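What follows is a single structure, written as structure tokens, with notes after it.
Chain naming here is simple, since letters A, B, ... match the order of the sequence lines and numbering starts at 1 in each. Quantities reported herein were computed from a predicted structural model and do not represent experimental measurements.
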2 protein chains.
Amino acid sequence: MLINPSENERLDPRVRRTRSLILTAFEALLAEKGFESISVQDVTERAQINRATFYAHFPDKYALLDYFISQAFMREMEKRTLNACHYSPENLRNLILAVCDFLARLHSDCAQPHQQFESLAEGTIKNILFELLSHWLKQSGTKISTEIPATVAAWAIYGLASYYSHSKKRPALEKFVDDALPLVAVNLGQFA
Amino acid sequence: MLINPSENERLDPRVRRTRSLILTAFEALLAEKGFESISVQDVTERAQINRATFYAHFPDKYALLDYFISQAFMREMEKRTLNACHYSPENLRNLILAVCDFLARLHSDCAQPHQQFESLAEGTIKNILFELLSHWLKQSGTKISTEIPATVAAWAIYGLASYYSHSKKRPALEKFVDDALPLVAVNLGQFA
DNA sequence: TAAATTAAGCAACATCTGTTGTTTAGAATA
DNA sequence: TATTCTAAACAACAGATGTTGCTTAATTTA
């Protein structure tokens, strides 16, 4: 389902248009009310498309959320060129920063990010993080299995970012990452 | 909403009965089909209660899932007396073991544990884990803030357990925990 | 350009949701 | 025990869901 820019271009323009209408409408609605109270109806009315058309693109609103988050998060990774690189403390630092930033923005952009919304978004983002970290660690050419360290790192990073983005009075991001980085890096030294 | 055993007893027996009927029905349905395709109707028919009665107990099926998981997980923690103790590598080991075990069982008990189900269960369990770990770390009487280490530990533990419970050919649990423990313990030494 | 392909619009469906008002029956209390 | 309280059953509601078959219009392709 997830589409990269190049194959996006040779997609039927009607499809591109509809998808973009859906995503824009969804984003606007998220700014107004919580995910749980957004219906497929709401989305299609706002997007000015037929409701049946929605179902030709997504099985349900949960799939839409997944696509929406994936797409936004991957774009963020690409923008920061974190997708194509290797493990180093500096890159890890930037990754943590990026995730904190992304979540903080997500929270400020969404009217009422409730439990359900957050849990689903978390699953989506963590999957991407795990893939990305696995890729990083394998660059080191090590024979050690990367799965366990990548798992711990992906979950820990998300946990930290989630904690940061929920803090009442958010500490300065840079300072927070200074504190957080070593707790993640400590297990990755062997891949540097 | 979550009820401990003592106050459960002095609850109106009709309420106790209904709740137990709902939970039993829900558990049975989870063994048959995925959470996404279980409707409130399904639950109330199986439980042989009126549908409107369901809504007197839970706002929707997501709240039911949350309650179901919380309740089962907390009971597991109590059984292993992990709820009332402090941080030590040995206790941490038991905790990781317990979470792995719980998730593995959850997966074998549920017909089709899909993304949505897992994400929601994860949120519920991790909240409990975070509270429990915060409690542990505070026992040490340290002045250091426990929030960041507790966050990293809760997320990392869940990540590991999730990884374990998804492994195709599950390694021996004891062995897995031997490998996993140090990655979590490394950040908690100061609270021993 | 003409023909073939396929996305989007439209309408109608059975089903499920969450809510409300009323009645009935079981539990707590005086 | 008699009375009061309140949970559960029941019925009916407007609204949303996910699906289908059909028509229309845009696009790709030959």
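B:Leu11 has its CG atom 11 Å from the C1' atom of D:dA7, to the nearest Å. Whole-Å rounding puts the A:Arg51 CZ to D:dG15 P distance at 14 Å. With rounding to whole Å, A:Arg17 atom CZ is found 15 Å from D:dA25 atom P. With rounding to whole Å, B:Glu36 atom CD is found 12 Å from D:dG18 atom P. What separates CZ of B:Phe54 from P of D:dA7 is a distance of 17 Å, to the nearest Å. One interatomic measurement links the two molecules: CG of A:Asp60 to C1' of D:dT19, which rounds to 14 Å at whole-angstrom precision. Between the P atom of D:dT19 and the CD atom of A:Gln41 lies a distance of 15 Å, rounded to the nearest Å.
B:Asn187 places none of its side-chain heavy atoms less than 4.5 Å from the side chain of B:Pro149.
Toward the 5′ end of DNA chain D lies the nearest nucleotide of A:Val40, the other residue of the pair A:Val40 and A:Ala52 mapping further downstream. The residue among B:Ile38 and B:Pro13 whose nearest nucleotide of DNA chain C is located toward the 5' end is B:Ile38. Projected onto DNA chain C by closest heavy-atom contact, B:Tyr55 and A:Arg16 fall at different nucleotides, the more 5' of which corresponds to A:Arg16.
If you check every strand for non-hydrogen atoms under 4.0 Å, B:Ala56 touches nothing. Base contact: A:Asn50 has a heavy atom under 4.0 Å from a base atom.
Between the side chain of A:Arg170 and the main chain of A:Ser165, a donor-acceptor pair closer than 3.5 Å is present. Counting only distance, with no hydrogens or angles, the side chain of B:His135 and the backbone of B:Glu131 share no donor-acceptor pair below 3.5 Å. Side-chain N or O atoms of B:Asp42 include none that pairs as donor or acceptor with a backbone N or O of B:Leu29 at under 3.5 Å.
Between the side chains of A:Gln190 and A:Tyr87, no donor-acceptor pair of N or O atoms lies under 3.5 Å.
Of all non-hydrogen atoms in B:Leu11 and B:Arg19, the two that sit nearest each other are CD2-NH1, 3.6 Å.
Between B:Asp12 and B:Arg17, none of the side-chain N atoms (NZ, or NE/NH1/NH2) sits under 4.0 Å from a carboxylate O, so this pair counts as no salt bridge.
Residue A:Arg14 has its side chain nearest to D:dA25 when only D:dA25, D:dA9, D:dG18 are considered. Residue B:Thr53 has its side chain nearest to D:dA9 when only D:dT28, D:dA9, D:dT17 are considered.
Nucleotides of DNA chain C lying under 4.0 Å from heavy atoms of chain B occupy a range whose first and last members, 5' to 3', are C:dC16 to C:dA28.
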